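These numbers come from a predicted model, not from an experiment.
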Amino acid sequence: MSRSRPEPSFTDGPAISPSGPLFDRLNEAAQSAPTGLVRLPVVLRLDPMGFGVDSAEVGVDAETPADPAVDGRTIHLTLNDGGMSVALSAQVEKYCGEEQDACAVWLEGHWGRPGEAFPQRGLDEPDGGLRVLFSPSRVLGLVEPGASSRETLAQVES
């Protein structure tokens with residue numbers, strides 16, 4: 001008989017904007033609970049040829065890019081979906097639709113490698129943002145249209 005992991009409980013973290021406190025909190029969570037999960041709203045830009053996800057960043061609005069002066073540095077995600085039973089791009093299709101080139105979804109996963117979160121310094125990006133590794137384990141659904149990045153809270157497993 002196999003035992004499945006009980007459904008985790010989550011506590012609200014900081015708002016996703018400005019990004020500095022969010023980045024710090026995710027690193028703290030990874031340091032204190034390396035197997036813990038986080039839930040993040042992520043803007044996914046899809047490959048126009050249908051070859052998966054081109055880019056991903058923490059955010060709520062696929063149409064309006066973040067303003068660094070207000071929102072802080074953009075947190076760009078390198079997605080490692082190897083731990084998912086169905087590829088992320090296949091799962092996102094049902095949320096984003098075939099005609100969209102971008103959408104915002106809630107992803108649950110690890111700040112780092114699957115089951116092994118770790119604090120990250122981030123790599124500098126040409127746009128002034130930071131690139132980090134995120135390993136999604138499941139897609140939770142669409143981000144509510146019109147959501148505010150200053151009011152949307154990340155969640156950390158408690």
Side-chain angles (χ1 to χ4, degrees), residues 7-23 25-27 29-30 36-115 117 120 122-157:
E7 187 66 28
S9 61
F10 289 84
T11 57
D12 288 339
I16 64 163
S17 176
S19 60
L22 172 64
F23 187 79
R25 178 65 183 108
L26 294 173
N27 275 332
L37 296 166
V38 297
R39 291 178 172 171
L40 296 172
V42 177
V43 173
L44 301 172
R45 303 212 184 280
L46 307 175
D47 180 274
M49 301 296 289
F51 294 117
V53 177
D54 262 354
S55 67
E57 62 191 42
V58 174
V60 294
D61 187 354
E63 301 300 319
T64 309
D67 178 355
V70 174
D71 301 316
R73 298 177 82 176
T74 299
I75 300 175
H76 297 278
L77 303 172
T78 296
L79 298 173
N80 171 14
D81 68 350
M84 299 180 87
S85 58
V86 176
L88 177 62
S89 59
Q91 292 187 46
V92 168
E93 283 179 4
K94 70 181 174 185
Y95 295 104
C96 297
E98 292 181 19
E99 301 303 315
Q100 290 181 283
D101 62 350
C103 68
V105 296
W106 280 95
L107 296 179
E108 181 177 284
H110 294 93
W111 184 250
R113 291 185 290 272
Q120 301 182 61
L123 300 172
D124 291 329
E125 286 285 307
D127 70 354
L130 290 173
R131 177 157 304 277
V132 297
L133 177 63
F134 184 70
S135 299
S137 55
R138 67 180 177 160
V139 180
L140 301 171
L142 285 171
V143 171
E144 186 175 323
S148 161
S149 60
R150 291 199 167 274
E151 295 173 0
T152 301
L153 305 178
Q155 295 184 326
V156 178
E157 187 175 3

Closer than 4.0 angstrom, basic N to acidic O: yes or no for Asp124 and Arg73?
yes
CA sep, side-chain torsions, deciding dist, call: Leu79, Leu44, side-chain contact (heavy atoms from CB on, under 4.5 Å):
CA-CA 10 Å; Leu79 298 173; Leu44 301 172; 3.8 Å; yes
From Cys103 atom SG to Asp61 atom CG, the distance as rounded to the nearest 0.5 Å
12.0 Å
Is a side-chain N or O of Glu108 found less than 3.5 angstrom from the main chain of Leu140, in a donor-acceptor match?
no
Full working for side-chain contact (heavy atoms from CB on, under 4.5 Å) between His76 and Asp127
CA-CA 10 Å; His76 297 278; Asp127 70 354; 2.8 Å; yes
So, the side chain of Asp71 versus the backbone of Ala66: is there a donor-acceptor pair under 3.5 Å, distance only?
no
Say whether, by atom type as modelled, one donor and one acceptor occur between the side chain of Ser149 and the main chain of Ile16 under 3.5 angstrom.
no
Using every non-hydrogen atom in the two residues, find where Gly72 and Ser19 come nearest and quote the distance to one decimal.
C-OG, 3.5 Å
Can you tell me how far apart CG (Leu46) and CG (Asp54) are? Round to the nearest 0.5 Å.
8.0 Å
Working note: Arg150 + Val70, criterion side-chain contact (heavy atoms from CB on, under 4.5 Å); need CA distance, chi angles, decisive distance, verdict.
CA-CA 10 Å; Arg150 291 199 167 274; Val70 174; 3.3 Å; yes
Side-chain touch Phe23/Val58, heavy atoms, less than 4.5 angstrom:
no
For the residue pair Val132 and Gly122, what are the closest heavy atoms and their distance?
CG1-CA, 3.9 Å
Flag yes if more than 12 heavy atoms outside Glu144 fall under 6.0 Å of its CD atom; otherwise flag no.
no
Return the CG to OG distance between Asn80 and Ser137, rounded to the nearest 0.5 Å.
11.0 Å
Heavy-atom pair with the smallest gap, counting every atom of Ala154 and Leu22:
CB-CD1, 3.5 Å
Exercise: identify the closest heavy-atom pair between Ala56 and Val42:
CB-CG1, 3.8 Å
Full working for side-chain contact (heavy atoms from CB on, under 4.5 Å) between Glu157 and His110
CA-CA 10 Å; Glu157 187 175 3; His110 294 93; over 6 Å; no
Interatomic distance, CZ@Arg131 vs CG@Leu133, rounded to 0.5 Å, equals 10.5 Å
Which pair of non-hydrogen atoms, one from Trp106 and one from Leu153, has the smallest distance, and what is that distance?
CH2-O, 3.3 Å
Pairwise distance CG(Asp12) to CZ(Arg39) - rounded to 0.5 angstrom
10.5 Å
Distance, nearest 0.5 Å, that separates CG of Leu77 from CG of Leu107:
8.0 Å
List the atom of Ser89, the atom of Asp81, and the distance in Å for their closest heavy-atom pair.
N-OD2, 4.4 Å
Looking at Gln120, is its backbone amide N or carbonyl O close enough to the side chain of Asn27 to form a donor-acceptor pair, meaning the two atoms are under 3.5 Å apart?
yes
